[in-house]
Amino acid sequence: MDDQDILPRRQALLGGLATLGGLMLTGCTPENPPTYGNILRVADNFTYQAQRLLLPRNARVREFDHADITSMPAIGTTNPGDAKEPSYNPAFGETYDRLRKGGFADWRLEVVGLVARPGVYSLADLKRLPSRTQITRHTCEEGWSSIAQWTGPTLADLLSHVGMLPAARYVNFRTFDGFVDNLDLVDALHPQTILAYGMNGRDLPIGHGAPARLRVETQMGYKSLKFLRRIEVVRAFDDFGKDGNIQNGWSWYAGI
Ligand SMILES: Nc1nc2c(c(=O)[nH]1)N[C@H]1C(S)=C(S)[C@@H](COP(=O)(O)O)O[C@H]1N2
Ligand SMILES: [Mo]
């Protein structure tokens, strides 16, 4: 099946979300998200179960042509090194400022946890991995969307480079503005989940998450963390308490 076949299929399947109730009655056992049981997160159960039931693993989101690229605002944190920004995190802000002034030559992405070869990756190291370029739509929960081109290694390639161990179930991400979030392995290993260091054919701009950001094309824009600092491969799901999505009123799973 090539991409052309997959696209309408994914859309048709998502369009059929309304039939989920029927499916559950007919005896399919839905998978539960790791937030299952948290009363605040009932919506996660519905969207997660729906997507995991209805979509074939690795169903791709639509990719666009160059002519479809639009302008894209930089929102949320636009410079973690700027003490005037609301999410300024002194613990990492000063470091980010120094790294930015050095053109990110000294930036290192830590990859630790349940991996055979934990390590640190420079931008040059990331650029040595095979890369993927994709033109995709970013959808923000605030109600806007944009189309841009993103380039970088797939997270799957990075995880195989460090030798993810069989016990691994979640991948946690930490950023220079103090954000923390995670993905399960379905989204972490999705063929369009990449660590983008390029945007629209250039280096990723500061406002869009330099030197490298996540692109999680299967979920809403807020899952695509900018300004990556550290990746942790773990066995147990963590909601990160007051720092995580749940406490802040956002769904952990935001499939689109
Ligand atoms: N580290 C970090 N990542 C982040 C954010 C942020 O403020 N900090 N905002 C999120 C939200 S809500 C959106 S819509 C996108 C915005 O990406 P952009 O600034 O490239 O448009 O980044 C997401 N990732
Ligand atoms: Mo957003």
Side-chain angles (χ1 to χ4, degrees), residues 43-44 47 61 64 68-97 99-100 104 107-111 123 126 133-152 155 171-183 187-188 190 192-232 238 240 242-256:
D44 273 0
T47 56
V61 307
F64 296 81
D68 301 319
I69 291 174
T70 67
S71 64
M72 179 164 175
I75 69 130
T77 305
T78 54
N79 178 0
D82 180 351
K84 293 189 290 296
E85 293 219 3
S87 57
Y88 180 73
N89 186 303
F92 311 113
E94 279 174 33
T95 308
Y96 185 86
D97 199 46
L99 296 173
R100 181 183 62 79
F104 297 110
W107 174 81
R108 297 290 182 274
L109 178 67
E110 286 179 75
V111 188
L123 202 46
L126 286 188
T133 291
Q134 59 199 29
I135 301 176
T136 52
R137 176 184 280 136
H138 176 101
T139 305
C140 172
E141 78 296 341
E142 290 173 346
W144 54 270
S145 67
S146 296
I147 294 173
Q149 183 196 61
W150 308 100
T151 300
L155 181 58
V171 184
N172 301 343
F173 303 88
R174 295 178 191 273
T175 73
F176 281 96
D177 56 347
F179 276 42
V180 57
D181 198 5
N182 48 20
L183 297 174
D187 282 318
H190 187 279
Q192 291 164 310
T193 297
I194 68 172
L195 300 173
Y197 50 68
M199 178 184 184
N200 297 335
R202 297 165 176 233
D203 288 346
L204 185 66
I206 306 296
H208 291 289
R213 75 178 298 166
L214 257 180
R215 288 300 311 166
V216 183
E217 309 294 359
T218 49
Q219 296 199 50
M220 294 288 283
Y222 65 83
K223 295 294 281 191
S224 289
L225 290 193
K226 309 194 284 188
F227 316 111
L228 292 176
R229 184 172 65 78
R230 182 181 163 99
I231 294 178
E232 302 154 356
D238 191 339
F240 303 113
K242 65 176 176 44
D243 298 327
N245 284 326
I246 291 180
Q247 293 301 317
N248 290 300
W250 304 53
S251 290
W252 169 76
Y253 186 74
I256 46 176

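In listed order, ligands and their atoms are each counted from 1.
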Is Glu232 salt-bridged to Arg174, going by a charged N under 4.0 Å from an acidic O?
yes

Please identify each residue that fulfils side chain to side chain donor-acceptor pair (under 3.5 Å) with [X], with sequence neighbours left out.
| X | answer |
| --- | --- |
| Ser87 | Thr77 |
| Asp181 | Lys223, Asn245 |
| Thr139 | none |

Side-chain H-bond candidate by donor/acceptor type, Thr218 with Asp187, under 3.5 Å
yes

Could you go through ligand 1 and list every pair where one of its N or O atoms sits under 3.5 Å from a protein N or O, giving the atom names and the distance to one decimal?
unit_1	atom_1	unit_2	atom_2	d
ligand 1	1 (N)	Asp177	OD1	2.9
ligand 1	1 (N)	Asp177	OD2	3.2
ligand 1	1 (N)	Lys226	O	3.1
ligand 1	3 (N)	Lys226	N	2.9
ligand 1	7 (O)	Thr77	N	2.9
ligand 1	8 (N)	Asp177	OD2	2.7
ligand 1	17 (O)	Arg213	NH2	3.2
ligand 1	19 (O)	Ile75	N	2.8
ligand 1	19 (O)	Ile75	O	3.4
ligand 1	19 (O)	Lys226	NZ	2.6
ligand 1	20 (O)	His208	ND1	2.6
ligand 1	20 (O)	Arg213	NH1	2.7
ligand 1	21 (O)	Pro73	O	2.6
ligand 1	22 (O)	Arg213	NH2	3.4
ligand 1	24 (N)	Ser224	O	3.0

Angle class for the Trp250/Tyr222 ring planes (parallel below 30°, perpendicular above 60°, tilted otherwise)?
perpendicular

